[in-house]
Amino acid sequence: MDPESDQNKQYHIAQDRMALLPNYYGWIYRHIRAFISGTVLELGVGAGHILKYYLGQVEEVWAVDHNRILLDRLAAAYPQSKVKPLFVDLLGDWRELRPVEADTVIALDVLEHFEDDRRIMEKIIPHLRPGANLILKVPAQSCLMGEIDRASGHFRRYDGPELEEMFTSMGFEQQMLRWMNPIGAILYRFKRKQRTNFSRTFSPAILRLANAAIPFLSALDSLPISKGQSILAAYRYGG
């Protein structure tokens with residue numbers, strides 16, 4: 001992707017706004033931390049909102065993104081012996097990643113941005129060691145697909161059976177699949193016709209209030225009030 005493209009600039013802006021929600025990333029991390037170890041390949045690392053939570057429990061991180069500004073920030077913030085930022089076009093041939101073999105691959109809010117999501121998975125598999133974990137976060141509930149998704153570069157939203165079928169057919173064993181953020185899903189229904197990134201439909205002040213409310217919101221994940229706005233999943237690769 002062209003670093004100066006409008007889509008890349010919008011991504012950069014969204015990452016900066018999401019920095020106002022550190023409790024949100026802690027919420028994600030609590031669900032996935034048991035599946036993270038060893039050498040990590042994180043695709044779409046962005047500003048490293050999740051990386052900072054798991055960094056202390058792993059050996060090294062290959063931090064991949066298409067935004068050079070965000071990668072430069074990571075390079076300045078962490079020692080290169082621990083965090084290795086890489087500029088990679090995931091639609092390309094991945095030649096930059098040829099030496100990488102990972103115990104954990106993390107792709108949070110990545111898969112939905114590719115029309116051929118199965119092809120992206122085929123590119124990931126050669127970088128997985130036998131028994132490696134793949135951790136995903138994707139937008140949930142295909143029935144919620146709308147203009148806000150298309151403005152965010154989403155080709156689809158996912159349902160649980162669809163994910164399980166795709167990954168099982170590719171040699172993965174599902175370790176965890178859970179719905180996350182039912183209140184977010186309710187809000188999404190009212191905003192899905194807006195042609196902008198979801199985070200930009202809220203003011204910075206509202207995002208800060210949401211961050212303070214996240215301990216309460218996260219407790220609702222276990223209640224059968226609604227499916228969530230997102231799906232978090234972990235898969236083990238048989239090799």
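Only heavy atoms go into these numbers, but all of them, side chains included; no hydrogens, no water, no symmetry mates. For clarity, every value in this text was computed on a predicted model and none was experimentally measured.
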>> For a side-chain contact (heavy atoms from CB on, under 4.5 Å) check, start with the C-alpha distance between Leu71 and Val45, then their side-chain angles and the critical distance, and finish with the verdict.
In response: CA-CA 8 Å; Leu71 290 173; Val45 67; 4.3 Å; yes

>> Set out, in order, the CA-CA distance, both residues' side-chain angles and the distance that settles side-chain contact (heavy atoms from CB on, under 4.5 Å) for Glu164 and Gln174, then state yes or no.
In response: CA-CA 7 Å; Glu164 184 175 7; Gln174 186 169 287; 3.6 Å; yes

> Glu173 and Gln175: side-chain contact (heavy atoms from CB on, under 4.5 Å), yes or no, with the steps?
Replying inline: CA-CA 6 Å; Glu173 178 185 358; Gln175 303 291 301; 3.6 Å; yes

> Run the side-chain contact (heavy atoms from CB on, under 4.5 Å) check on Asp117 and Met121 step by step: do they pass?
Replying inline: CA-CA 6 Å; Asp117 54 354; Met121 287 308 311; 5.9 Å; no

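Here the straight-line distance linking atom NZ of Lys82 with atom CG of Leu51 works out to 9.5 Å at 0.5 Å rounding. Going from atom CG of Leu41 over to atom CD of Glu60 covers 10.5 Å, rounded to the nearest 0.5 Å. Rounded to the nearest 0.5 angstrom, Ile135 CD1 and Glu42 CD are separated by 9.5 Å. Here the CZ atom belonging to Arg73 is positioned 11.5 Å from the CG atom belonging to Asp65, to the nearest 0.5 angstrom. Here the straight-line distance linking atom CG of Leu177 with atom CD1 of Ile231 works out to 5.0 Å at 0.5 Å rounding. The line from CD of Glu112 to CE of Met145 is 9.5 Å long, rounded to the nearest 0.5 Å.
By the rule that hydrophobic residues join a cluster once side-chain heavy atoms approach within less than 4.5 Å of another member, Phe87 and Val83 end up as members of one cluster.
Contact between Leu232 and Lys137 at its shortest, heavy atoms only, is CD2-CB, 3.6 Å. Annotation for Arg129 and Thr39: closest pair NH1-OG1, 3.9 Å, computed over non-hydrogen atoms. In terms of heavy-atom proximity, Ala47 sits nearest to Leu74 at O-CD2, 3.7 Å. What you find for Tyr29 and Ile50 is that their closest heavy atoms are N-CD1, 4.2 Å. Closest non-hydrogen pair, Lys123 versus Leu90, comes out as NZ-O, 3.1 Å. When every heavy atom of Tyr24 is checked against every heavy atom of Met180, the shortest pair comes out as CE1-CE, 3.6 Å.
Remark: the Ser230 side chain and the Arg157 side chain contain no N/O donor-acceptor pair separated by less than 3.5 Å. Side-chain contact, Ser142 with Asp159: a donor N or O sits under 3.5 Å from an acceptor N or O.
Between the His127 side chain and the Leu97 main chain, a donor and an acceptor come within less than 3.5 Å of each other. Of the possible donor and acceptor atoms, none in the side chain of Asn181 sits under 3.5 Å from a partner among the backbone N and O of Gly228. Not one N or O on the side chain of His49 forms a donor-acceptor pair closer than 3.5 Å with the backbone of Tyr25. Looking only at distances, a side-chain donor or acceptor of Arg156 sits under 3.5 Å from a matching main-chain atom of Phe114. A donor-acceptor pair is defined here as one N or O able to donate and one able to accept, closer than 3.5 Å; no such pair exists between the side chain of Asp103 and the backbone of Ala132. When atom types are taken as modelled, the side chain of Asn133 and the backbone of Phe35 share a donor-acceptor pair closer than 3.5 angstrom. Without hydrogens or angle criteria, Asp72 side chain to Ile69 main chain gives no donor-acceptor distance under 3.5 Å. The backbone N or O of Gly153 lies less than 3.5 Å from a partner atom in the side chain of His113, making a donor-acceptor pair. Formation of a donor-acceptor pair under 3.5 Å by the Gln141 side chain with backbone atoms of Lys227 is found in this model. Panel note: side chain Ser218, backbone Pro215; a donor-acceptor pair is recorded below 3.5 Å.
For the side chain to side chain contact (heavy atoms under 4.5 Å, CB included) test with Val64, the passing option among Val100, Val105, Leu86, Asp89 is Leu86; the others fail.
Inter-residue side-chain proximity for Ile106 and Leu43 is flagged as unmet; no heavy-atom pair is nearer than 4.5 Å. Side-chain contact between Thr104 and Ser37 is present, with heavy atoms from C-beta onward closer than 4.5 Å. Taking 4.5 Å as the limit, some side-chain heavy atom of Lys52 sits within range of a side-chain heavy atom of Tyr78. Here the side chains of Tyr54 and Val61 are in contact, with some heavy-atom distance below 4.5 Å. The side-chain heavy atoms of Asp109 and Val138, taken from C-beta on, include no pair separated by under 4.5 Å. Residues Met170 and Ile125 form a side-chain contact, since some pair of their non-hydrogen atoms from C-beta on lies under 4.5 Å apart.
Residue pairs that meet the ring-ring contact (aromatic ring centres under 6.0 Å, His included) test with at least one member in residues 157-186, sequence neighbours left out, are Phe167-Phe172, Phe167-Tyr235, Phe172-Tyr237.
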